[in-house]
Amino acid sequence: MTNTAPDYGQSFARWRAHCPDLWHDYTHHPFVEGLKDGTLPRAAFLTYLRQDYLFLIHFSRAWSLAVVKAGNLAEMQAASATVHALLHFEMALHVEICEGEGISRAELEAAEEAPANMAYTRYVLEAGYSGDFLDLLAALAPCVLGYGDIGARLLREAGETPYRDWIETYGGEEFQTLCRDTGALIDRAMADRLGADPQSLPRWPVLCRHFANATRLEIGFWGLGQA
């Protein structure tokens, strides 16, 4: 299958190549294609947003854990910047869209967390609790970099669609810069800890497994919007 994913660094490219079918199923899921052509029912999108708002709360905790697991100040600053972007940028988009649909912030925060949401967020947190900085980054990467991949493609391909604001958020330069910075953080962390040839070491399959598992859980998360 054709590789048109953005360049978010060497580690991301290798992880993605390790599970190409899963990555395609995630980034070309029917939910995603419905965003692109506008056929996704609004009710499905709002169900997704409610769950994603709760997801982002736990995802912010996971990136905060990355500050604790970091090995130096530069890594701490990079992880902290991502926490800020999640809490003050991405979550704000959810609130804005939902308020326009008559759903208040209080209603978002009071929503019941779906089992697929719990499975994904707790998996990522557990990867960080039981592992090190690289384990956590491998489990975190599919969300940030996957949304960047999807946003960049949809920004190129989408025509008229009511989901243009979502597409422009993740395909826009601000989020794309965050993705490139995140990819660079992963590559530096990998080189500092595993050297120039991480694929030759026993740690590599473990990191690939975290990335693949999180990608599989992302596929399941899209399904929340179609339930």
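Just so it is clear, the model here is predicted, and its values are computed rather than measured.
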According to a 4.5 Å side-chain heavy-atom criterion applied to Ile, Leu, Val, Met, Phe, Trp and Tyr, with indirect links allowed, do [X] and [Y] form part of one hydrophobic cluster?
X	Y	answer
V67	L86	no
W63	V68	yes
L93	L35	yes
L155	V32	yes
L217	L56	yes

Polar side-chain atom of [X] near backbone of [Y] as donor-acceptor pair, under 3.5 Å:
X	Y	result
Y53	A111	no
Y163	F45	no
R61	T121	no
Q51	E112	yes
D149	A5	no

Between [X] and [Y], which heavy-atom pair has the shortest distance, and what is it?
X	Y	value
S60	V83	O-CG2, 3.9 Å
D165	T169	O-OG1, 2.9 Å
A214	P142	CB-CG, 3.6 Å
A139	Y123	CB-CE2, 4.3 Å
Y26	G146	OH-CA, 3.5 Å
L136	A62	CD2-O, 3.5 Å

To the nearest 0.5 angstrom, please state how far the [atom1] atom of [X] sits from the [atom2] atom of [Y].
X	Y	atom1	atom2	answer
L201	M190	CG	CE	10.0 Å
E96	L49	CD	CG	11.5 Å
I57	L87	CD1	CG	9.0 Å
L140	H210	CG	NE2	10.5 Å
L22	I219	CG	CD1	5.0 Å
Q199	H18	CD	NE2	10.5 Å

> Can you check side chain to side chain contact (heavy atoms under 4.5 Å, CB included) on F221 and C143, steps first, answer last?
Replying inline: CA-CA 11 Å; F221 196 90; C143 183; over 6 Å; no
>> Listing request: all side-chain hydrogen bond (donor to acceptor under 3.5 Å, both in side chains) pairs with a residue in residues 64-81, at least two apart in sequence or in separate chains.
In response: E75-R193
> According to the salt bridge (charged side-chain N to carboxylate O under 4.0 Å, His left out) rule, which pairs have a member within residues 76-91, sequence neighbours left out?
Replying inline: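 Pairs touching residues 76-91 that pass the test: none.
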>> Considering only residues two or more places apart or on different chains, which pairs with a residue in residues 197-224 satisfy salt bridge (charged side-chain N to carboxylate O under 4.0 Å, His left out)?
In response: D132-R203, D135-R203
> Do you know which of W222, F59, Y8 makes ring pair (Phe, Tyr, Trp, His ring centres under 6.0 Å) with Y147?
Replying inline: W222
>> Please check if the number of heavy atoms outside H28 that lie under 6.0 Å from its NE2 is greater than 12.
In response: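 Atom NE2 in H28 is packed in, count exceeds 12.
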> More than 12 non-hydrogen atoms from neighbouring residues, nucleotides or ligands closer than 6.0 Å to CZ on R122, yes or no?
Replying inline: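 Counting neighbours around CZ of R122, more than 12 heavy atoms of other residues, nucleotides or ligands fall under 6.0 Å, so yes.
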Is [Y] close to [X] at the side-chain level, that is, under 4.5 Å between some pair of heavy atoms?
X	Y	result
T161	L154	no
T82	L185	no
C98	E107	no

> Partners of R153 by salt bridge (charged side-chain N to carboxylate O under 4.0 Å, His left out), sequence neighbours excluded?
Replying inline: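 Residues passing salt bridge (charged side-chain N to carboxylate O under 4.0 Å, His left out) with R153: E33, E157.
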> In chain order, what residues pass the salt bridge (charged side-chain N to carboxylate O under 4.0 Å, His left out) check against D181, with sequence neighbours excluded?
Replying inline: none
>> Students often mix this up, so state it plainly: with edges at 30° and 60°, are the rings of W23 and F12 parallel, tilted or perpendicular?
In response: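 The arrangement is perpendicular - the two ring planes meet at more than 60°.
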>> Any donor-acceptor pair under 3.5 Å linking the side-chain atoms of T177 with those of E173?
In response: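 Distance-only check passes for E173 and T177.
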> What do the steps show when you test V124 against F55 for side chain to side chain contact (heavy atoms under 4.5 Å, CB included), and what is the final call?
Replying inline: CA-CA 11 Å; V124 174; F55 172 89; 5.9 Å; no
> Could you give all pairs that pass the ring pair (Phe, Tyr, Trp, His ring centres under 6.0 Å) test and reach residues 173-194, with sequence neighbours left out?
Replying inline: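 Sorted result for residues 173-194: Y170-F175.
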